[in-house]
Amino acid sequence: MYVALTSDSAGGGTLLPIGGRPRRVDDVARAVREMEERRPRWVFADARHLYPELLAAGVRVARCHDLALTQGLLLAHEGRYGEARSAAAAHARLHGLPVPDDDGPAARQDTLFEPERAELGADALAEVLADQLARIEALPDPGRFRLLVAAESAGALVAAEMGHDGMPWRRDIHDELLTELLGPRPVHGMRPAKLQALADQVTAAFGHPVNPDSVQQLVKAFKGAGVALKTTRSGELKRIEHPAVGPLLAYKELARLYSFHGWAWADQWVREGRFRAEYVVGGVVSGRWATSGGGALQIPKVMRRVVVADEGWALIVADAAQLEPRVLAAMAGDRGLARAAGEIDLYSALAKAFGGERDHAKIAMLSAMYGGTSGDAPKLLAVMRERFPLAYRFVEDAAKAGEEGKLVRSWLGRTSPPPSQRWKDLVAGPDGARAARDRGRFTRNFVVQATAAEWALALLAVLRGLLPEPARLVFFQHDEVMVHCPLEQAEQVTAAVAAAAAEATRLLFGATPVRFPMEAVTVSCYADAK
DNA sequence: TGACCAAGCGCC
DNA sequence: AAAGGGCGCTTGGTCA
């Protein structure tokens, strides 16, 4: 049963069971809680706007259909990505957000509704839903796309819930860590002591003041010292000999920590012992999530010791091992590769085909999935073509489609953006071959990465439904999940992770010899998980 | 002053 | 882990 839901700013709204009559209510949260017992699939114009309000009122729902996300998926599949883009731009202008340019990344989920329809009534929602369901039925494989829509929509619920619940974050430990690395928190505008000391060493090494944050000043200073540099990337710096290099590298590393994940960051993003990130479902064209603040997906590993379970609680941390090659094996239906992917260590199982060298198997697989051509790649790819022809051809076809400017799709039907006008111009020009190859690498990678992302999304959706109260999903990073739960639930949650991985595999690929190992560990501190 | 870009590097 | 695809985020620096 679908029930469309709208709310107004006063906490009231309308519930419209599809095929039934609308019911106007003064207290949406209460009405939703009551109806949730019947487990409807709630129809939201955009879960990002409505669901946080429900969460704040203490209401959670099991299932939803997110019209905005679904519209983005459908338009892309229908080759109408441009419409999604222009709607995204209109939405951005309406809300005073940065307007994405034509060549920019994704048409996001805020893509679909024209500004004048920003306040959709329940009947308009029902209309859009009917239209979407009909378009899905008309697709070549509606079953897969329905799964994609369900998973994406469940993702919208999880993202809002994780933003609401937050990941445990011990500010006291964070402060200790920063103080240990940088010195005590400085007063306004000053550098922390250890950072300043390193900056002073850089200045001393050059014999005159140089701001280590300024690329221009650094290049000029090195030039004055007789060292020609194109960039100041750490890799390039490491190759030269100059007394400024040591302190400069140390400075860069610590300065990043200070400005990205320092005290000011914590002031903004950590409240009541929780880091609350803003996740953007489908924010990456491949279907991976992005964040719109807080940088939750770029937390440096050194910060993991700050993530500590509450007293009497545990963190259950799990990541999928060698996810992408397994996804390729399952998609391509390559018997030989699938057999290897039935083992815990896929690359070891492949080694025999590559002269007994596990490393060679690894390079071959990675090069096939990412379009690598350096080193031994060509030779090893030839072996792969010989031994695993279906898998080889699968990614080769995706690359070829990209080079020709065609669209490619994930297993469930997420569709790559079309080439931009800029790309078409480039391809017609003198650097055309290179532009074509670049896009081939992108589409080659897209089919694998996007399917891996939907496997992970399916896992997340299933796991969410298996968790006992009061366990909470608190972190999700591409192929890794974290659950925060009472210690006594640790075993149950660990089992739920394994069950969810198996179910995600079944949902996407049915009966397949490919295994998707997802080992969960129970820790009190994130740093102990790896 | 604010808008915007490039560099650089963190994560997967 | 790989290697290379894609992201976010901050700073310095430029331009109107």
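Throughout, a chain's letter reflects where its sequence line sits, starting with A, and its residues are numbered from 1.
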Pairs under 3.5 angstrom only: tabulate donor-acceptor contacts from the side chains of residues 452-463 of chain A to other protein residues two or more places apart or in another chain.
from     : atom 1 : to       : atom 2 : distance (Å)
A:Glu454 : OE1    : A:Ser410 : OG     : 3.0
A:Glu454 : OE2    : A:Ser410 : OG     : 2.9
A:Glu454 : OE2    : A:Trp411 : N      : 3.3
A:Glu454 : OE2    : A:Leu412 : N      : 2.7
A:Trp455 : NE1    : A:Thr505 : OG1    : 3.1

Sequence neighbours excluded and cut-off under 3.5 Å, please list the side-chain donor-acceptor pairs for residues 376-390 of chain A, or say none.
none

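The base of C:dG8 is paired with the side chain of A:Gln298 by a donor and an acceptor separated by under 3.5 Å. Residue side chain A:Arg358 does not reach the base of C:dA2 through any donor-acceptor N/O pair under 3.5 Å, judged by distance alone.
If you take OH of A:Tyr347 and P of C:dA3, they are 11 Å apart, rounded to a whole angstrom. Atom-to-atom, CZ of A:Arg256 to P of C:dG8 comes out at 14 Å; the value is rounded to the nearest Å. If you measure from atom CG of A:Asn445 to atom C1' of C:dA3, you get 10 Å, rounded to the nearest angstrom.
For A:Asn211 and C:dG12, the shortest distance from a side-chain N or O to OP1 or OP2 is below 4.0 Å.
Residue A:Ile363 is out of contact with every strand shown, counting any heavy-atom pair closer than 4.0 Å. Residue A:Phe260 is classed as a base contact, given a heavy-atom separation below 4.0 Å to a base. Across all strands, A:Ser234 comes closer than 4.0 Å only to sugar-phosphate atoms, never to a base (heavy-atom distances).
Protein chain A contacts DNA chain B from B:dA7 to B:dC12, reading 5' to 3' and using non-hydrogen atoms of the protein with a distance under 4.0 Å.
A ring pair (Phe, Tyr, Trp, His ring centres under 6.0 Å) with A:Trp169 is found for exactly one of A:Phe475, A:Tyr526, A:Trp265, namely A:Trp265.
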